[in-house]
Every structure is written in C-alpha cells, then in structure tokens.
Amino acid sequence: MTSEQIANTGSVTADHGSIQTHAQTQPRQNDSVKGCPSERKCGLRWRPAMLHPASLRVLLPWLTSIIGIAFALCLVIAWFPSTVWNTPIVSSDAPAHYYFIRRLLDEGLGAALHLWPHNSFYPPLFHVCAYFVIKIAALFGVQCSIYAAFNITWIIASGVIFPSGMLVLCRYFLQRWNHGNPISNPISRISQASSTSESSSVSESSNVLNQRVSSAVNRQYNATFDATFVLRNLIGLFVPVLAVSSVCHPYGLLNAGPLIAFGFATSLLPFLIAATLRLFDAIAAREHIVKWLAITAIAGVVCLVAHPRIAFTYALILVPFIVLRLPWKLILGAFIAMCVGAVAFVALMLTSFKSDRWANPASWFHSHQPSKNLWESISFCFTDGLDGFPAILFALLLIAGTVAAFVCASCRAAMRSADSLSAAVSTVAPDFSADADASASDTAVSAPDVSPVSTSGLPAASCSDAADVSLSASSEPSRPRRNDRLRDVIALTAAFLLVTLVYVCTVTLVGALPNIISAPWYRDENRIMTMLPLVALPLLVIGVNALSECVSVCAASASFAPSASSFSTKNSASSSSSVPSLSSASAVSSVRNVSFASNWIGPIAAFLVIAILAVSAQIVCSSRTAARDTIIAHSSLNQSDPNEQLTERKITVLRKVTERTGTQATIISDPLNGSMYADTLFNANMLYPIINARTDVPSAPFGKVETAFASGDAQQVLGTVCPLTDAPEYFLTMGGQAQSLQSFPYRAQYDSFHNEELIDAYVDGGTLVKVADYSQYGQGWALYRFGCAD
C-alpha cells in the first residue's frame, strides 16, 4: 500500500492478533477549526463512556477466560457427590489410589517411584498432588483426610486444568483460522476499491467522495471492537463450560474404577497437543524451534508421569497433523518413532502378562460384551456424549460447521492459488500484465459482477472475499502461503473420524481387528470416551467460526445490494458533470449498515447458538446425573446386600479389628470383601490392599501368601506369612466377595480366603487361632491370629 493509498483510506490495518492501528490523517488545524485542539481529544469527547480499546483488548481475553473457567469449576463442584468427602468411593480401583496416597504420607515422596506394594512403578502424579494438598493444608493447621485430598485434586484437575487446556487448544485453532483475516471487514475492501478506482473511468469527484466515505467510516469502525476479537472471547466464555458438559470427561472416569491416573493425564493432554502444534508451526516458520521443543518435551514428560498410556491417545490425535503439516523427513521419523513405541509396548505386554491367547487376537478380551449398536455408538460420538436437545444441537453445529469450514477454507485456498498464478504471470510478462490490468479496469466499469470492484467503489461480497480480504499484501507474490485453514479442517476431521473408529470398535464390533485397534486402551469404553471432547470441541469451534463468516457475508450481501445499486446509478448519472449526486452523509450511512451486517451479525448469531448449547447442556444432563447417582450409591453404607464392599456392619467390624490389632500388625483378608478399605479408614496395615495381585513378581508378598494359603500346607503357610513383619499377623474373614466386583476377571484366585472348610482345617491344626468372633454382624465373620512363634 502506497503512502497515497494510506492517506486516502485513513487507516492502516495490521494483523497482530486482530488488533488494528488507526493512522491519523486529518491535520490538527482542521480540528482547531471544529473547536477540538486535537483529534485524540475530540475522540475522547465523543466517546466519554468508552474505555481505551487497547486496554480492553489486553484485559478482555483474560477476563473472559477467567469467567469461563470459573463457570466450569462451579459446574464440576455442583456435580460432585457430597457423600464421598468422608467415606471412600467403593469401586474396583479406588482402594489402590487411596493406598498410594497413604504410602506417600508414610514413606515420603521417595515412594513415588514404587507405589505398588511389590515396589513396582505406578504413575504417581495424581497421588503426589493429593499428597501436597494434605501437606499444604497442614501448614495452615487444617487436617485434610486422604479422601478430601483425593477429591480436591480431582476437582482441580477436572474443573480448572482440563477446561483451561481445552480453551488453550481451541483458541489456538481459532487464531490460526483468523490469521490474516480481519473478518470480512468491508471497510478494508472499500478503501482498496477507492484507491483502485483512481485508475478507472470513474470521475475524480467520485474518487474524492469514496475517499471521504472510507476515511469517515474507518474512523468510526476503528473506534469499535473488531468482530473477530469479540468472537474469540465469546469462545473463551463457552469452551470451558462445554468442556465439562459431557459425561465423556471428566465424569465418566470417576465412576469407572475410578480411573483416576488416566483421567488426570487426559486433563493435561490438551496442553501437550497445543504445545506440539505450536512446535509444528515453529518448524514450518524455522524460528523458535528450540523454545517450543523444550515446552513440548516438558509437557510430554508431565503427561507420561500422570499415565504413560495417554501416549496412545496423543499419537492417535496427532497423526493427521503430522501428515499434513510436517516435512516428509519428519513425517518418516515420527512414524518410525511410533513403530518403535508400538514394538516396545507389545514386548512389555508379552513379558508382563502371561497368556496363551496372544497368538489369537479374536480371543483377547473374551469377557468383553458390546454395549451399543452401530447407530448408538456413532451418534454418541457426533453428540459428544450429550443428551436430548443439546445432543441434537451439538451434532447439527458440528456437521454444518465442518461443511462451512471446508467451503470457506477451500474458497480461500482457491483464491490464493489464483492470486499466486496472477502474480507469477505479472512477474514474467509485466507489459502484458499492465495491459491486462488496464483492460480489467475498463471491464470493471461495464461488468461489475465479474470484478470484485464495482463502479461504485464498493466490493462485491463473496465467501472467498470474506475469507481473505488482503491476500498477499505482505508476502512475496511468487510464494503462496500454506493453506492453514484447509489443513486444520482436514486434520481435525480426520482425528475425529479416527477417534470415532476406535470408539465404534470398542463398544459395538467384535473380533480380531476391533480387539487390536482398541487394545492400547484395554478395550475400555470409558478410556476411549475421553478422547471425544479433545477433537469434537476444536472442530465445533472452527465450524461455528466458519458459520459466523457465512452468516456475516449473507447479511452484508443483503444490506449491500440496494446501497451499491443506488450509489452506482447516481454516480453514473453524475459522471458527465463530475459532481456526485449522492451526499457523503448518505454514503457513510449506507456503508455503516453494511459494516454492521458484515461484522456483527455472524458473531451475534454464533454467540446465541453457543450460549443456547452451553446452557441447555446444563439443564438436560441425564448421563452426568446418572454417573453422579451411581457414585452416591457406591459410597452409601446402606446396602441391601450384606456382602457388599462396605456397609455399616463392615465399618463397625473393621473399626473393632483395628482397635484389637493396632496399626502395626499385618492383616490378611480377601481383598474383594471390602476389608482393604480399613487401610485408609482406620490406618490399619492391610497386606496388599490392591485387587489385582501379580504372582509373577518375585517381591509380591500377597501373591505368595495367596498361593501358600490355597495349598492347604500349614508349614508352607506359616513359612510364608510369619517372616512378613516383626509384628503379629492376623487373618480376617468377612463373608464372600462383593456382588459389585463379580466382573473382576481374577476373582477366583482369592476363593481360598473364604473357603470355610480350608479355614476350619487351619484352625484345627493350630495354624490359625480365633481371637475375636463377629458372627453377630455376619455369618462366619471372625478374626484369627497366625500361629507364629512371635
């Protein structure tokens, strides 16, 4: 843009996060004539109630982000079951997580690398965070229980970390989508048209009018907020809320298991994905590579410490971006790294878990049963696990937005290709290009529908025009820019389809191939559900942004047509006398209408539709309510089945047992009868309070005890149990295994601990000595002491 063009347009627009800088062009003496010592003071006078736009542009993103995350946190807290603050979540994996926190408290942070009772590694990050919650509370004189620390850590991860990460990820895609695009601002096109019309057959007086119109409206436009900027901040309000609206994450994992470590890693994963994509940008730009490589590496280590298996989710989502955005050498290197990781994972599984079914993938997960039909599983993915009306609205926005994004991105790519070709032709044959430009200028007068500049000096609205209003003003004309929009849409759509494929294979299909595809996630529906928001929400965000552009273009076209027609007719009639018949005030008024329609109709529509989605998702949320009710039922002590994991009677018995044995003596019992909760409820020393005992680890004490106890050999039992500790060893019978744990595939290995005939035989032989009878609470309930020499 030349200095003359800058003077004509009255503004210079630069794309720095959609911030526009207004270049003052009116002489100060003109302001003095009008009674204003300067334009700046005059501007303050006519905008007395308006804050400085620069300050608001800095503060508004932070303000909307904080408000959105606060809303998300309030939703998570409001949903959280109040019954689990003083009593544990009674489920399959919960005792293990409570035990890990307890071990950190007993042994310090050094135990973080070997949390399992047989001293092997378990991802410790969640439990370390809970440990610090307890320690920080103690600094203020507050005694925080293991259950409270567990809950607080989960709430922070689910209500703060996860929505913040989703906001960072979605804003990344939104920033790339709007990069170099002042959201179909008609004022920029009017200014360019005004400059271009100087070389056309339109009279000089018309050019003067166009300059006055564009200058006046530019001053008025720059006094307002850019619509793109406002739309981004509206996203900042609603993305955190939508991130915690679905049962997919975080609620599902608290109910399933709970799968705490994997859920914590999922909450951290959006930051790692965003950092990796920034690294891809740095590689493409060949700048700041070391910086983003370090950030990505740190985020990756944190996620792996939270749960290493999150690497499979990360790889699945990143594969399309790797293919579309990296050079082929890096693509090859990434896939080699993935193959090496896959081989290492297979080797780990083969060496850690002994099975005779490895060669027959169809027999893997033999106890797994499909939970949904094909239509239900696909619709679940397209609705992001929402219910009712919000589910339908989400699916419609996702599909329509994806289509709109493809259309707008394709239009922009086509325009850039055409612009690149035109620039190449003008570079090779400048004389021919000059003639062609002159011819095109003449054609613009007679055929305004062909050229983007009409005789009125106003541009024709189009999808491609809205997508990119200044194609290559700041770039080399012979080097077309990368089609970032189209690449992002394709990559996000491909990632969404990959996640859908894995989910459908898990919950609907059976056989060898579905088993192989879903094996990295244990063919567990709850783990795979967590991937849906990671791909569905960013795709929804750029889709809604594309729909906003389309709505703005349609609205601008509708309001622009009569103004352009009137303006063109009057200018043509007055061309002979070189005096325009359309007044400046009328022209400014017409263009103001076009400006409002083009810039604000779309964002307003997007705001309303996302607001309806976010609010309705909190009103119609039967899946989340069902998950909450299930957790409340699990944590309730009023169970109809006396053999459930925890009941009022079992709490009483466990308290009495701990009072008798103390907290140093070792207590052995069937881990499926609920006795393991005594470890965190009353600080009892339960031997291996983890359900899945591994007998293939030499240091696994519980596995050795289980094998010896099932043998019926008294000498083997005492020889295994007595050396465990210097304190006495006890055996507790408390009924059979809980009905809620009957799906546990390894439950049969503990049958000997509630085999009454075997127990009576040990009592008759003196291996076990009854020290307390609790038969008034349950048949056969009793506490025995092993007949060791101590």
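A quick note: this is a predicted structure, and the numbers were derived from the prediction, not measured.
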Seminar exercise, completed: Here the pair of heavy atoms bringing Leu304 nearest to Ala311 is CD2-CB, 4.2 Å
Exercise. Between Arg102 and Asn683, is any side-chain donor less than 3.5 angstrom from a side-chain acceptor?
Worked result: yes
Exercise. Do His249 and Ser158 have a side chain donor and acceptor closer than 3.5 Å?
Worked result: no
Exercise. Regarding Arg649 and Tyr774, is there a side-chain donor-to-acceptor distance under 3.5 Å anywhere?
Worked result: no
Exercise. Strictly under 6.0 Å, is that where the ring centroids of Phe262 and Phe312 end up?
Worked result: no
For this session: Please answer whether the main-chain N or O of His634 pairs with a side-chain N or O of Gln645 as donor and acceptor at a distance below 3.5 Å.
Result: no
Exercise. Do Ser635 and Thr87 have a side chain donor and acceptor closer than 3.5 Å?
Worked result: no
Exercise. Using a distance-only test with no angle check, is there a side-chain donor-acceptor pair under 3.5 angstrom linking Ser377 and Asn373?
Worked result: no
For this session: Check whether the ring centres of Phe100 and Tyr122 lie less than 6.0 Å apart, and answer yes or no.
Result: yes
Exercise. Would Tyr503 and Lys372 count as having a side-chain donor-acceptor pair, cut-off 3.5 Å?
Worked result: yes
For this session: For residues Pro81 and Ile632, report the shortest heavy-atom separation together with the two atoms involved.
Result: CB-CG1, 3.7 Å
For this session: Identify the residue among Thr530, Thr313, Thr506, Asn526 that makes a side-chain hydrogen bond (donor to acceptor under 3.5 Å, both in side chains) with Trp521.
Result: Thr313
Problem set entry | Thr652 versus Glu648, side-chain donor and acceptor atoms under 3.5 Å | no
Problem set entry | Main-chain N/O of Cys505 paired with Arg523 side-chain donor or acceptor, under 3.5 Å | yes
For this session: Decide if atom CD of Gln776 counts as having more than 12 heavy atoms of other residues, nucleotides or ligands within a radius under 6.0 Å.
Result: yes
Problem set entry | Gln618 side chain to Arg624 side chain, donor-acceptor N/O pair below 3.5 angstrom | yes
For this session: Measure from the side-chain N and O atoms of Arg660 to the backbone N and O of Val771, and report whether any donor-acceptor pair falls under 3.5 Å.
Result: yes
For this session: For the pair Ser752 and Glu706, evaluate side-chain hydrogen bond (donor to acceptor under 3.5 Å, both in side chains) and give the outcome as yes or no after the intermediate values.
Result: CA-CA 8 Å; Ser752 60; Glu706 180 267 321; 4.8 Å; no
Exercise. With ring centroids as reference points, do Phe709 and Tyr762 lie under 6.0 angstrom apart?
Worked result: yes
Exercise. Between Tyr522 and Arg309, is there a cation-pi geometry (under 6.0 Å to ring centre, at most 45° from the normal)?
Worked result: yes
Exercise. Would the Phe126 and Phe150 ring centres measure less than 6.0 Å apart?
Worked result: yes
For this session: Locate the shortest heavy-atom distance separating Leu732 from Ala782; write the atom from each residue and the value.
Result: CD1-O, 3.4 Å
For this session: Would you please indicate yes or no on a ring centroid separation below 6.0 angstrom for Phe121 and Trp116?
Result: no
Problem set entry | Check: Gln716 side chain, Asp713 main-chain N or O, donor-acceptor pair, under 3.5 Å | no
Problem set entry | Side-chain touch Thr733/Tyr784, heavy atoms, less than 4.5 angstrom | yes
Exercise. Would you say Leu783 and Val653 make side-chain contact, with heavy atoms under 4.5 Å?
Worked result: no
Exercise. Would a distance-only check, ignoring hydrogens and angles, find a side-chain to backbone donor-acceptor pair under 3.5 Å from Trp85 to Tyr147?
Worked result: no
